[in-house]
Amino acid sequence: MLKTLIAQIKDVKKASLLAPAFVSLEVILEVLIPFLMSLIIDYGVERQDMKMIIILGILMIVAAFASLYAGAMSGKYASYASAGYARNLRQAMYHNIQNYSFENIDKYSTAGLVTRMMTDVTNVQNAYQMIIRICVRAPLMLISAMAMSFMINGELSLIFLGAVIFLAIVLFSIIRITFGYFDKAFKKYDNLNAEVQENVTGIRVVKAFVREKFETSKFHKASKEIYDLFMKAEGILVFNSPVMQFTVYSCIILLSWLGANMIVVGDLTTGQLMSLFTYTNNILMSLMMISMIFVMISMSMASAKRICEVINEKPTIANGENPIMEVKDGSIEFEHVGFRYDPNSEEETLTDINIKIESGMTVGIIGGTGSAKSTFVSMIPRLYDVSEGSVKVGGVDVRQYDLDTLRNQVSMVLQNNVLFSGTIVENLRWGDENATLDEIKHACKLACADEFINKFEKGYDTYIEQGGTNVSGGQRQRLCIARALLKKPKILILDDSTSAVDTKTDAMIRKAFREEIPNTTKIIIAQRITSVEDADMIIVLDDGKINGVGTNEELLKNNEIYRDIVRMQKKGGNLGE
């Protein structure tokens, strides 16, 4: 974990070194000032030597201003370093997430990833700033002040040594107890963020079913869990202050009593006693800072661990050695394919799938809910890797292709049609960032999206809200199909991607596919029989197995599941609409 965190310092190394350097200078000057003050009292005031007072006074002023400058510069560089470090952590996480396979993504909730990139990084950022500034200042001040104290009077300085040992024991005990609470609290943030995200995303459903009170209750519960854990931790941490105050006042009383006696017998000067009082504050404030550092580090350790998990997560799908950079054609072949989402599970999602699809064919896939239709097509662009057997595209095992090359030739419109904030043109250019406006309009015409786009006041420059909330489900589906067509793929997969459009528009889209992209292999997952009945081949899936393969007429004759689906849809007036 430490290696991962250090690696992200990168371009802020200079600032990360300058901050503690200026802190060190600041501490040295601060420690020097009480010593100069004692000299002024002992050699200037008591001897009434004005020249000595002026010289030492000027030195104190110079030291004070130099200390002020060093403190300001340390703050500046510490802020720059910590902000840059947080940026690097977020970039490292985001970059690695982009390379995740679906299997990797399934391990983390969306809310969990957001929490790690925001709350957890902020915790580590604050801790990093303390480490390069306070974590240098406090120990250095403690050691320097102790050294000066022993140099002035070794016997009285034993008071500080006892105070340090006492506080170290108490603070360690407090931190050890609170760490467990902080660790649990930060994990609970995932639940809280998940509640908020789920509620905001589904706010229309919440209002439609009048579930505001229920959702509010869930949020309060998740929020209270975090509140209770922090209250327990803070309830223990509050002992820091009284313990510190008790130690400070005890040291002052002992110094006053013993120091006064030493002055009377001549073993200590007034200036030296004044310096010891100043060093008392320096030493005990350093201990207070150290306790704060431990608290912050204990809070951030849990966050750092969660951040490193995301950065160190190895994508389960990656390019092999010397990957193939060209897909010959859109032919597809499944050879004894088996697949499990959990490698340790005995239950297979796909079992012994054997099918061959020629390039340019239109293939329909149909089956009940949970029959693994989406999983079946996910094997083709290698969104998941097969557990057994192989999937070939263009006669080559998909695992031998360069991932970008393969996925650029296998265009997939998923069940969850996602549009991003931006204009229609900007969304469609996800398919081809260099697409001309004419190419975009042609793709939209094939997807039957041009008819509603032209009705918008700004046409193709119409702004799409995040998630495409300002267009209907059918319009969103057609835009996603147009986006996929712009890639000019050799294989086009529609995963139930016309479910929200009417049957007439569905038929027009399929007709456009036949006429305009005859050489592209088209795989259509659908619930409606009308969406696949004119396909060259229809695959019937049942519980992760191929139950039947053939044309519409062939399956009507020899496949019971297909006949049942047709019978139900005709009886129910097309249940897929």
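Numbering starts at 1 and runs along the sequence shown. The figures that follow rest on heavy atoms only: side chains count, while hydrogens, waters and symmetry mates do not. Please read these numbers as outputs of a predicted model, since none were measured by experiment.
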Residue list, side-chain hydrogen bond (donor to acceptor under 3.5 Å, both in side chains) with Tyr341, at least two apart or on another chain | Thr375
Is atom CD of Gln98 surrounded by more than 12 heavy atoms (other residues, nucleotides or ligands) closer than 6.0 Å?
-> yes
Heavy-atom donor-acceptor pair, Arg382 side chain to Ala318 backbone, under 3.5 Å | yes
Any sub-3.5 Å donor-acceptor pair from Asn96's side-chain atoms to Val310's backbone N or O?
-> yes
For Met93, the option from Arg116, Gln8, Glu309 that meets side-chain contact (heavy atoms from CB on, under 4.5 Å) = Arg116
So salt bridge (charged side-chain N to carboxylate O under 4.0 Å, His left out) across residues 275-288, not counting sequence neighbours, yields none
Sequence-distant partners of Lys13, side-chain hydrogen bond (donor to acceptor under 3.5 Å, both in side chains), two or more places apart = none
With sequence neighbours excluded, what pairs up with Glu215 under the side chain to side chain contact (heavy atoms under 4.5 Å, CB included) test?
-> Asn199, Val206, Lys218
Any donor and acceptor pair, going by atom type alone, linking the side chain of Tyr85 with main-chain N or O of Leu5 inside 3.5 Å?
-> yes
Heavy atoms of Asn427 and Gly422 approach each other most closely as ND2-O, 3.6 Å
Heavy-atom neighbours of Lys10 NZ exceed 12 at 6.0 Å = yes
For residues Glu426 and Thr423, report the shortest heavy-atom separation together with the two atoms involved.
-> OE1-N, 2.9 Å
Mind checking whether Ile58 and Val62 have side chains closer than 4.5 Å, heavy atoms only?
-> yes
side-chain hydrogen bond (donor to acceptor under 3.5 Å, both in side chains) with Ser74: which residues, sequence neighbours excluded?
-> Arg133
Indicate yes or no for a side-chain donor-acceptor contact from Asn470 to the backbone of Tyr463 under 3.5 Å, with no hydrogens or angles considered.
-> yes
Taking NZ, NE, NH1 and NH2 as the nitrogens, is one of them in Asp228 or Lys232 under 4.0 Å from a carboxylate oxygen of the other?
-> no
Judged by atom type as modelled, is there a donor-acceptor pair below 3.5 Å linking the side chain of Asp385 to the main-chain atoms of Arg399?
-> no
Tell me, which pairs form a salt bridge (charged side-chain N to carboxylate O under 4.0 Å, His left out) where one or both residues lie in residues 239-250, sequence neighbours left out?
-> none
Can you sort out the partners of Leu158 under side chain to side chain contact (heavy atoms under 4.5 Å, CB included), two or more places apart, ordered by chain and number?
-> Phe150, Leu161
For atom OH of Tyr80, is the number of surrounding heavy atoms from other residues, nucleotides or ligands below 6.0 Å larger than 12?
-> no
Asp402: what forms a side-chain hydrogen bond (donor to acceptor under 3.5 Å, both in side chains) with it, not counting sequence neighbours?
-> Asn319, Thr405
Locate the shortest heavy-atom distance separating Ala15 from Ala81; write the atom from each residue and the value.
-> CB-CB, 3.8 Å
side-chain contact (heavy atoms from CB on, under 4.5 Å) assessment of Phe420 paired with Ile464 = CA-CA 7 Å; Phe420 298 88; Ile464 300 295; over 6 Å; no
What residues, two or more places apart in sequence or in another chain, satisfy side chain to side chain contact (heavy atoms under 4.5 Å, CB included) together with Phe219?
-> Leu192, Val196, Ser223
Ser217 side chain vs Lys213 backbone, donor-acceptor pair below 3.5 Å = no
Scan residues 77-99 for pairs that pass salt bridge (charged side-chain N to carboxylate O under 4.0 Å, His left out), counting only residues two or more places apart or in two chains.
-> Asp11-Arg87
How about Ser300 and Asn123: does a side-chain donor come under 3.5 Å of a side-chain acceptor?
-> no
Without swapping roles, check the side chain of Asp120 against the backbone of Ile307 for a donor-acceptor pair under 3.5 Å.
-> no
Distance-minimising heavy-atom pair for Ser67 and Glu30 = OG-CG, 3.4 Å
Could you pull out all residues at least two apart from Ser378 that satisfy side chain to side chain contact (heavy atoms under 4.5 Å, CB included)?
-> Leu383, Tyr384, Met412
Grab the two heavy atoms, one from Ala63 and one from Ile33, that are nearest each other, plus how far apart they are.
-> CB-CG1, 3.9 Å
Checking Asn104 side chain against Lys314 main chain: does a donor-acceptor pair fall under 3.5 Å?
-> yes
Interatomic distance, NE2@His95 vs CD1@Ile311, rounded to 0.5 Å, equals 11.0 Å
Report yes or no: does Ser303 contribute a side-chain atom to a donor-acceptor pair with the main-chain N or O of Val124 at less than 3.5 Å?
-> no
What donor-acceptor contacts under 3.5 angstrom involve side-chain atoms of residues 22-29, with partners at least two apart or in another chain?
residue	atom	partner	partner atom	Å
Ser24	OG	Pro20	O	2.8
Glu26	OE1	Arg137	NH1	3.3
Glu26	OE2	Arg137	NH1	3.4

